[in-house]
Amino acid sequence: MSATSWLASMNLARWIMVLGGLGSVALAANGWRLMNERERLEAALRPDGLVERTSSNIQNLGKLCSKLQADADREGLSGAQAEPSVYFRDLAKDDKVRLGQVDIKTPTSQEVYPGTRDLTYQLQPQTDRGAARDKIFNYMYLLEQRSRRVKVTQIRLTPEQRLEPGDTGNDMWKWEIELTSRTKVDGAPQRP
Amino acid sequence: MGRACGIRVGPRRYEVVVLDGSPKKHRIVAFKSGEFPQGGDDPMAGAVDELAAAIDELKIPLDATAIAIDTGLAAFRTLKLPALDDAKIAEIIKFEVESQLPQWNIDDVVVDFTTLERSDNETNLLVTAVPKSSLKRELDLCTRAGVEPLEAELEATAMVNAAIAAELCHVDEAQVLVHIGEASTAVVVMDGGKVRSMRAIHIGALAHEPGAPEEGAPAAPNGEGEKPLAPVLSPEDLQRRLEQAVSRIRRELGRTLSGARTTNPIKAVYVCGWELPNLIGTEILDTPVYELDAFVEDSGKPIEGAAPLVVAYGVALGLLGGGELRAALRREELRYTGAFERLELPIAVLIMLLVMGLSVFNIFEHRRLEAADGNLYLWLASNKNYLINDPKQGKRGYLEKPWPEIQKYVTEAALEDGEKPEGSLTRGVSKLDQLLEVERQLKVREAKLNQELGNTGEVTQPQSALEALTMIVCTIDGMRDRLGKVSVRKASADYRPGRGGRAEEVEVKLDLTFFGENATVAYEALNTELRNQPWVTSVESRSNTELKAESPRPGVFADDYTIHVDLSKIERKKEGS
């Protein structure tokens, strides 16, 4: 049957059937979509549903991001304006440390493992006087505890006084430590 | 008022008549007679093209078309049944007539009937049977030409309807109606305006031509199969054969006239179809022969050659509701089709109701969706207040230093749709997706910060010299009951990266002094204890030396006491446990 003869055979009832049928399919499909979307939304809005859980998560993430941002700002180990010396010196002034002024040598960088870079900082007191053992260890502890990117990789502890074997000194120590921060080199493969 | 089309499909010719009007008052708006092409590789295809061209030319109403086929294809029988209604007769007619049609399998024929007489006790029927294959051939021709006939009937019944409509069949007289076709002649005896009998004479207008079917022989297939080789005849022979054919038709009509048992006297013989010489205007057994002129004045009939159109006219008239015979050779075939057409309007109404119902459903769902979306707006506003709040009013949110993207997105997400600025990323996005997008951006930020802070575990930091030194000092402290007093005079710890197949480690060096009488034992105990620790890879123990005699207390000392520690071998408690 050609298109012309088909058109000629169409009457009002048949046109209603054809157009109404097509319209019904379109309306049914759209209605189905709306209904599914509405049901999804209503399910999400139920107590302990997706909306409530997402909102709770958003608020937790907001707090977490704030904390992480504060950590990153405090460390000063990343970004264009990275300045870790502030972090090191601030901790040296902590109430449980009080080691005074600290000398920080220019950091050295080396690729110990492929894909990573180690930045090494050497710290030592500005004075020749010794410091109490607990303050030195508190300092090293805080350096590692407040940043997950810093490790104490070298420690030199020598007594303030010259001691012979059998002598017990005043427990004041001259100290020198080395801190290492290992970072990923962008685009480099990971060490297995 | 309506339009209807009747087509007579004969073995060689066809006629098409289109009527416009009512059964009582109508006009012929189009008509055409034509001949199917003969010969060629595919005569059927030629016939289809010829008929299709006629259909296209006349613009016939495709939904109101019926056909009439050669009466010679049918067999006629009379049958007496108990008084039954037509529906019941239609159910049983095949079983009743089967014994009278031994030449055919009853399943291979279409059976139709016309009620001749009906009394309280019995019904007298004129039964017509047509092989389905013959009927299908004619229907296929029409279908391929682009028209699906609503109904099919015999030339004879169409002719009767035309004659009745033309008021030729009066109640007080009888007539013989004759249609001369190509291969057969239909003869109907009318008595008092009712059909009395019907028969087919297998002699037609083309019986004189070579290859034409002989009397009593079955009709030749229309355009199918092989045709016998026809001898070439001279014009004189053709004329002689034509005269013989007319003579035989007259003889058969004479037999009909003499054998007819009519209540009223037969007044005339009316002839239509092919025009043959020596027939119209003559008498047969003192009965005048006239042309069957079924058309009234101003009916649109052709000035000449109207006789061949009578059957097609009768078919179209039957579709308009005229005539008395309601032949239905497509009765079985169109049982369901007819049902569908009767259901067209109810179905259309149902579909309209369905469309309306679905429209209401869509509107309803749209509004419910908007309501649910409005509830989500409250959550977005709440999140904005929590994260950003209103810095211009001095109110800070919990998200310290919000970066521009999140600040813009969260602020715009908390606006009503109409208030969102042009180009806002929140435009055209569902509110639920906006909420999820805020969460996604925060997760991305968290991951980035964790990566910057080394919290992801992607990069393993070097082992801690502080931890290694602490572990050893704690071990010494834990053994103080066995070691006695121990003094550390110097300490160093160095991280050593793994190289050359050696794992990374921390090397701890201590200058130790063990005091007491059993200092050497204590020294050995420390050696043993350290070597037993899983995280100690080796202990380099040089020989210890006794303290000098002038020392206030006895004891031994060991300088550069070296312990190699691999902190990865420490069993650590998992976070949170």
Side-chain angles (χ1 to χ4, degrees), chain A residues 1-2 5 8-9 11 13-14 16-17 20-21 23-24 27-28 30-31 34-35 37-38 41-42 44-45 51 54-55 57-59 61-66 68-72 78 112 116 118 140-141 144 148-149 151-159 163 165-166 168 180 182-184 190, chain B residues 62-63 146 344-345 347-348 351-352 354-355 358-359 361-362 365-366 368-369 372-373 375-376 379 382-383 386-387 398-401 432 435-436 438-439 442-443 445-446 449-450 452-455 458-459 461-462 464-466 469 487 489-495 497 513 547-548 551 555 557:
Chain A
M1 182 180 279
S2 67
S5 58
S9 69
N11 55 29
R14 290 175 186 177
I16 289 172
M17 280 193 273
S24 298
L27 283 170
N30 191 52
L34 288 173
M35 189 182 76
E37 199 170 333
R38 191 255 306 160
L41 216 54
E42 286 180 349
L45 281 164
V51 170
T54 305
S55 291
N57 202 22
I58 283 172
Q59 295 179 2
L61 284 167
K63 284 184 181 174
L64 186 56
C65 285
S66 296
L68 292 172
Q69 186 64 55
D71 288 349
S78 62
V112 176
T116 61
D118 285 5
M140 290 190 288
Y141 172 75
E144 286 195 356
R148 299 183 71 166
R149 286 186 295 169
K151 291 289 177 190
V152 179
T153 49
Q154 192 182 75
I155 302 170
R156 297 275 182 272
L157 292 175
T158 51
L163 297 176
T168 54
T180 300
R182 183 169 288 167
T183 54
K184 182 183 171 188
Q190 278 297 293
Chain B
L62 297 172
D63 58 342
E344 270 182 2
L345 192 60
I347 290 173
I351 287 178
M352 282 178 68
L354 181 65
V355 169
L358 284 170
S359 301
F361 174 67
N362 271 262
E365 283 297 329
H366 185 71
R368 289 181 73 184
L369 185 62
D373 221 31
N375 291 336
L376 255 176
W379 286 94
S382 166
N383 281 322
Y386 188 89
L387 294 174
Y398 281 89
L399 184 61
E400 299 279 347
K401 296 185 181 177
L432 182 58
L435 193 72
L436 294 173
V438 172
E439 185 191 32
L442 286 168
K443 280 181 176 173
R445 184 70 172 187
E446 183 215 355
L449 284 168
N450 270 324
E452 281 183 8
L453 291 168
N455 297 339
E458 271 190 340
V459 175
Q461 293 296 331
S464 167
L466 172 65
L469 182 58
S487 162
R489 288 176 286 111
K490 189 178 172 187
S492 68
D494 288 277
Y495 162 73
T513 303
L547 293 175
K548 292 176 181 175
S551 178
F557 71 92

Asker: So which heavy atom on B:E344 is nearest to which on A:M17, and how close?
Answerer: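 Answer, listing the atom of B:E344 first, then A:M17: CG-CE, 3.7 Å.
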Asker: Mind listing the closest non-hydrogen atom pair of B:L442 and A:C65 along with its distance?
Answerer: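 Where B:L442 meets A:C65 most closely, the heavy atoms are O-SG, 3.6 Å.
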Asker: Is chain A contacted by the side chain of B:Y495, its backbone, both, or neither, given a heavy-atom distance below 4.5 Å?
Answerer: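 Both backbone and side chain.
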Asker: Shorter than 4.5 Å, heavy atoms on both sides: which option in B:L387, B:V355, B:D373, B:V438 has the most such pairs with chain A?
Answerer: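 Ranked by heavy-atom pairs under 4.5 Å with chain A, first place is B:V355.
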Asker: For B:S359 versus A:L27, what's the shortest heavy-atom pair and its separation?
Answerer: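 B:S359 and A:L27 have their closest heavy atoms at OG-CD1, 3.5 Å.
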Asker: To the nearest 0.5 Å, what is the distance between NE2 (B:H366) and CD (A:E37)?
Answerer: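 It is 10.0 Å, given to the nearest 0.5 Å.
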Asker: How many angstroms lie between atom OG1 of A:T116 and atom CD of B:Q461, to the nearest 0.5 angstrom?
Answerer: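 The distance works out to 9.5 Å.
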Asker: I would like to know whether A:I58 and B:L435 meet side-chain contact (heavy atoms from CB on, under 4.5 Å); could you show each step before the answer?
Answerer: CA-CA 9 Å; A:I58 283 172; B:L435 193 72; 4.0 Å; yes
Asker: Taking atom CG of B:L345 and atom CZ of A:R14, what is their separation to the nearest 0.5 Å?
Answerer: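 It is 12.0 Å, given to the nearest 0.5 Å.
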Asker: Can you tell which part of B:K490 gets under 4.5 Å to a heavy atom of chain A, answering side chain, backbone, both or neither?
Answerer: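 Contact with chain A is through both the backbone and side chain of B:K490.
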Asker: Shorter than 4.5 Å, heavy atoms on both sides: which option in A:N30, A:D118, A:L163 has the most such pairs with chain B?
Answerer: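 Between A:N30, A:D118, A:L163, the count favours A:N30.
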Asker: Not counting sequence neighbours, which residues clear ring pair (Phe, Tyr, Trp, His ring centres under 6.0 Å) with B:F361? List them please.
Answerer: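 So B:F361 forms no ring pair (Phe, Tyr, Trp, His ring centres under 6.0 Å) with any residue.
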Asker: Chain A heavy atoms under 4.5 Å from B:L469: which part of the residue, side chain, backbone, both or neither?
Answerer: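 Interface part for B:L469: side chain.
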Asker: Picking from B:L547, B:N450, B:L369, which has the most non-hydrogen pairs under 4.5 angstrom with chain A?
Answerer: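 Of the candidates given, the most pairs with chain A belong to B:L369.
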Asker: Quick check on the interface: out of A:L68, A:L45, A:I16, who has the most heavy-atom pairs with chain B under 4.5 Å?
Answerer: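 Answer, by heavy-atom pair count under 4.5 Å with chain B: A:L68.
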Asker: Please rank A:Q69, A:M35, A:Q59, A:E144 by heavy-atom pairs under 4.5 Å with chain B and give me the top one.
Answerer: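 Most heavy-atom pairs under 4.5 Å with chain B: A:Q59.
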Asker: If every non-hydrogen atom of A:V112 is compared with every non-hydrogen atom of B:P497, which pair is closest and at what distance?
Answerer: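 Here A:V112 and B:P497 meet closest at CG1-CB, 3.5 Å.
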Asker: Indicate yes or no for a side-chain donor-acceptor contact from A:S66 to the backbone of B:Y398 under 3.5 Å, with no hydrogens or angles considered.
Answerer: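 Yes, because the side chain of A:S66 sits within donor-acceptor range (under 3.5 Å) of the backbone of B:Y398.
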Asker: Would you mind checking which part of B:Y386 comes under 4.5 Å of any heavy atom in chain A, side chain (CB onward), backbone (N, CA, C, O), both or neither?
Answerer: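 Just its side chain gets close to chain A.
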Asker: Using non-hydrogen atoms and a 4.5 Å limit, figure out which bit of B:S492 sits close to chain A: side chain, backbone, both or neither.
Answerer: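 Both backbone and side chain.
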Asker: In terms of heavy-atom proximity below 4.5 Å to chain B, should A:A44 be classed as side chain, backbone, both, or neither?
Answerer: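 Side chain only.
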Asker: So how far is it from A:L41 CG to B:L376 CG, rounded to the nearest 0.5 Å?
Answerer: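 Rounded to the nearest 0.5 Å, the CG-CG separation comes out at 5.0 Å.
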Asker: Counting heavy-atom pairs under 4.5 Å with chain B, which one of A:A70, A:A13, A:G62, A:S55 comes out on top?
Answerer: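 Of the candidates given, the most pairs with chain B belong to A:S55.
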Asker: List the atom of B:P462, the atom of A:T180, and the distance in Å for their closest heavy-atom pair.
Answerer: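 Here B:P462 and A:T180 meet closest at CG-CG2, 3.8 Å.
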Asker: Return the option, out of B:N362, B:L354, B:N375, with the maximum number of heavy-atom pairs under 4.5 Å with chain A.
Answerer: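 Option with the greatest count: B:N362.
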Asker: Could you tell me which non-hydrogen atom of A:V51 sits nearest to which non-hydrogen atom of B:L432, and how far apart they are?
Answerer: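 Between these two residues, the closest heavy atoms are CG2-CD1, 3.8 Å.
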Asker: Of the backbone (N, CA, C, O) and the side chain (C-beta and beyond), which part of B:L466 lies under 4.5 Å from a heavy atom of chain A, both, or neither?
Answerer: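 Both backbone and side chain.
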Asker: To the closest 0.5 Å, what do you measure between CD (A:E42) and CZ (B:R368)?
Answerer: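 Taking CD in A:E42 and CZ in B:R368, the distance rounds to 5.0 Å.
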Asker: Going by the rule side-chain hydrogen bond (donor to acceptor under 3.5 Å, both in side chains), which residues pair with B:D494 if we only count those two or more places apart in sequence or in a different chain?
Answerer: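 side-chain hydrogen bond (donor to acceptor under 3.5 Å, both in side chains) check on B:D494 returns A:Q154, A:R156.
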Asker: Can you say whether B:S464 sits under 4.5 Å from chain A via the side chain, the backbone, both, or neither, judging by heavy atoms?
Answerer: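 When you check distances to chain A, atoms from both the backbone and side chain of B:S464 fall under 4.5 Å.
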